[in-house]
Amino acid sequence: MAIYTVSKTAPVNIATLKYWGKRDKNLNLPTNSSISVTLAQDDLRTLTSVATSETFSQDQLWLNGKLESLESERTQQCLQDLRNLRSKLEAGDSSLPPMSKWNLHIVSENNFPTAAGLASSAAGFAALVAAIAKLYELPESASEISKIARKGSGSACRSLFGGYVAWEMGSEADGSDSKAVEVASQSHWPDMKAAILVVSAAKKDTPSTSGMQHTVATSDLFQERIRNVVPKRFEEMKQAIQSRDFASFAELTMRDSNSFHATCLDSYPPIFYMNDTSRQIVKLCHQINAFYKETIVAYTFDAGPNAVLYYLEQNETKLMAFIYQAFQRNSGWDSKFSAKDLAAFEEHFTFNVAPEMAFDLDLDMHKNVSRVIFTQVGPAPQDTAECLIDTTTGNPK
Ligand SMILES: Nc1ncnc2c1ncn2[C@@H]1O[C@H](COP(=O)(O)OP(=O)(O)OP(=O)(O)O)[C@@H](O)[C@H]1O
Ligand SMILES: C[C@@](O)(CCOP(=O)(O)OP(=O)(O)O)CC(=O)O
């Protein structure tokens, strides 16, 4: 009996205007629109292979080599929506194999820690939905498909696009207008880079879903954020991206990270995602921008202590003069930079920074950082020849 197989990779996205709060928990409808940058898949990606056949006896998911439950309401909703679309297609074309009635085998691998605040659920659900949509040969646009990924994990809808992405919150009760759209392509602003300082790769304390429910229910500041702060910032950030205005983009990004974490602190009891090391990194970024009298770096933090720093390629040496000095003992440098690059960072620090520097760099900061990941803006989910499923048995390789 035929086994049909498809594989896809999907990216991580890191929000520059944060999604925090749901107006509908079941449909994952947000209380505000958000914006993110999609990151390159060479460094952080989910690879998902899906197979379907009349012979499979049940839906099954293997995540990072382990059989996982597919029971969660969110995954079930994604599978149901995809099957409904496939079923419509089959109704109009009797030559199509009736895949909507068959079970699925899903095998997925993240090349980075799962559930550690590195947006694994975003890449994970984007890859799952994109792979099944391809297997089913669905003609729907990426925005339409993003509505399905959104039900898996809100931020996953933004991982259906490359470059710079908005998730428009929409206003319909059924979520039909709550979808991801492209703000600008990767090629519009290709020199955006990101350095991720992994402060903790451990599973986080308060999962995003319960954290945001708690904030919605208890924070007064949250109301101010969604009513008066984010709507204006959403327009300003789109404008900054469209005009490639890094200084504005960076300030809006940092302010929004601070605003989101302020609502966490304003929740009762409070939620703490950032830790002392995160705060030291915030301070360092402001010191770097003040040193150069120009905004060359932006920090942002998700639901965990890890820092994501956005900067432009042309400012790499200026920024890395500081970052290499502080974090050179952490792993991650050699795979991205040549010995010549690293020497240039060191030299820039010694000759341009050190003589003028008005503050002390805390050389112990690296002790609380496990590794540094260097990456940049990247494309939408990709087709791949790599397959995690044995095409003769339909089981993981
Ligand atoms: N490749 C994948 N395929 C399917 N589901 C996945 C995949 N990777 C992660 N997930 C789901 O996402 C969950 C982790 O999501 P969670 O929101 O807790 O962490 P995170 O995405 O790393 O953090 P955050 O979204 O707050 O940045 C996993 O437990 C799993 O259910
Ligand atoms: C802080 C954030 O990263 C929160 C992401 O939350 P999730 O998308 O993980 O939440 P669920 O919809 O409940 O799955 C901000 C963001 O990515 O916009």
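Each ligand, and each atom within it, is numbered from 1 in the order the structure gives.
Evaluated by nearest non-hydrogen atom to atom 25 (O) of ligand 1, the leading choice among Ala126, Gly211, Ser69, Ser121 is Ser121. Comparing Cys157, Cys264, Ser208 against atom 9 (O) of ligand 2, the shortest heavy-atom distance belongs to Ser208. Comparing heavy-atom distances from atom 8 (N) of ligand 1 across Asn110, Asn306, Thr48 singles out Asn110 as nearest. Within the set Ala156, Gly124, Cys78, the minimum heavy-atom distance to atom 4 (C) of ligand 1 is found for Gly124.
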Open item on the list: Does Ser141 form a side chain to side chain donor-acceptor pair (under 3.5 Å) with Ser143? I'd like the steps, not just the answer.
Closed with: CA-CA 5 Å; Ser141 65; Ser143 273; 5.0 Å; no
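Using 4.0 Å as the threshold, Phe260 has a heavy atom nearer than that to some atom of ligand 2. Ligand 2 has Arg158 within reach: a non-hydrogen atom of the residue lies less than 4.0 Å from it.
Contacts between Leu63 and ligand 1, counted as non-hydrogen atom pairs separated by less than 4.0 Å, involve the side chain only. Here Ser155 has heavy atoms under 4.0 Å from ligand 2 in both its backbone and its side chain. The part of Ser121 lying near ligand 2 is the side chain, judged by heavy-atom distances below 4.0 Å.
Residue Gly152 has no nitrogen or oxygen atom sitting less than 3.5 Å from a nitrogen or oxygen atom of ligand 2, judged on distance alone. In terms of polar-atom proximity, defined here as any N/O pair under 3.5 Å, Glu68 makes no such contact with ligand 1. By the 3.5 Å distance cut-off applied to N or O atoms, Ser208 is counted among the residues near ligand 1. Considering backbone and side-chain atoms together, Thr209 places an N or O closer than 3.5 Å to an N or O of ligand 2. Residue-to-ligand polar distances place Arg74 within reach of ligand 2: an N/O pair is separated by less than 3.5 Å.
Listed by number with element, the atoms of ligand 2 under 4.0 Å from a non-hydrogen atom of Asn28 are 12 (O). Of all atoms in ligand 1, listed by their number and element, those nearer than 4.0 Å to a heavy atom of Thr46 are 1 (N). Contact atoms of ligand 2 toward Met212: 6 (O), 10 (O) (distance under 4.0 Å to a heavy atom of the residue). The Ala15 neighbourhood of ligand 2 comprises atoms 16 (C), 17 (O), 18 (O), with distances under 4.0 Å to a heavy atom of that residue. If you number the atoms of ligand 2 from 1 as listed, the ones under 4.0 Å from a heavy atom of Lys22 come out as 11 (P), 12 (O), 13 (O). Using a 4.0 Å cut-off to heavy atoms of Ala303, the atoms of ligand 2 that qualify are 1 (C).
Under the side-chain contact (heavy atoms from CB on, under 4.5 Å) criterion, Tyr4 pairs with Ala2, Thr52, Pro97, Met99, Trp102, Leu135, not counting sequence neighbours.
Panel note: side chain His214, backbone Pro269; a donor-acceptor pair is recorded below 3.5 Å. Here the side chain of Gln41 pairs no donor or acceptor atom with the backbone of Thr46 at under 3.5 angstrom.
Taking the six-membered ring for Trp and the full ring otherwise, Phe345 and Phe337 have centroids separated by under 6.0 Å. For an aromatic pair to be called close, the ring centres must be under 6.0 Å apart, and Tyr164 with His188 fails this.
Using a 3.5 Å distance cut-off with no hydrogens or angles, the side chains of Asn275 and Ser278 do pair a donor with an acceptor. Remark: the Ser267 side chain and the Thr215 side chain contain an N/O donor-acceptor pair separated by less than 3.5 Å. Side-chain contact of Thr38 with Asn13: a donor-acceptor pair under 3.5 Å is absent, judged by distance alone.
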Using atom types as modelled, flag every donor-acceptor pair under 3.5 Å from a side chain in residues 312-321 to any protein atom, sequence neighbours excluded.
unit_1 : atom_1 : unit_2 : atom_2 : d
Glu316 : OE2    : Lys193 : NZ     : 3.2
Glu316 : OE2    : Tyr311 : OH     : 2.6
Lys318 : NZ     : Glu294 : OE1    : 3.4

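No continuous path of ILVMFWY side-chain contacts below 4.5 Å connects Tyr19 to Val165, so the two sit in separate hydrophobic clusters.
Applying side chain to side chain donor-acceptor pair (under 3.5 Å) to Arg225 and the options Thr31, Asp256, Asn32, Asp266 leaves one that passes, Asp256.
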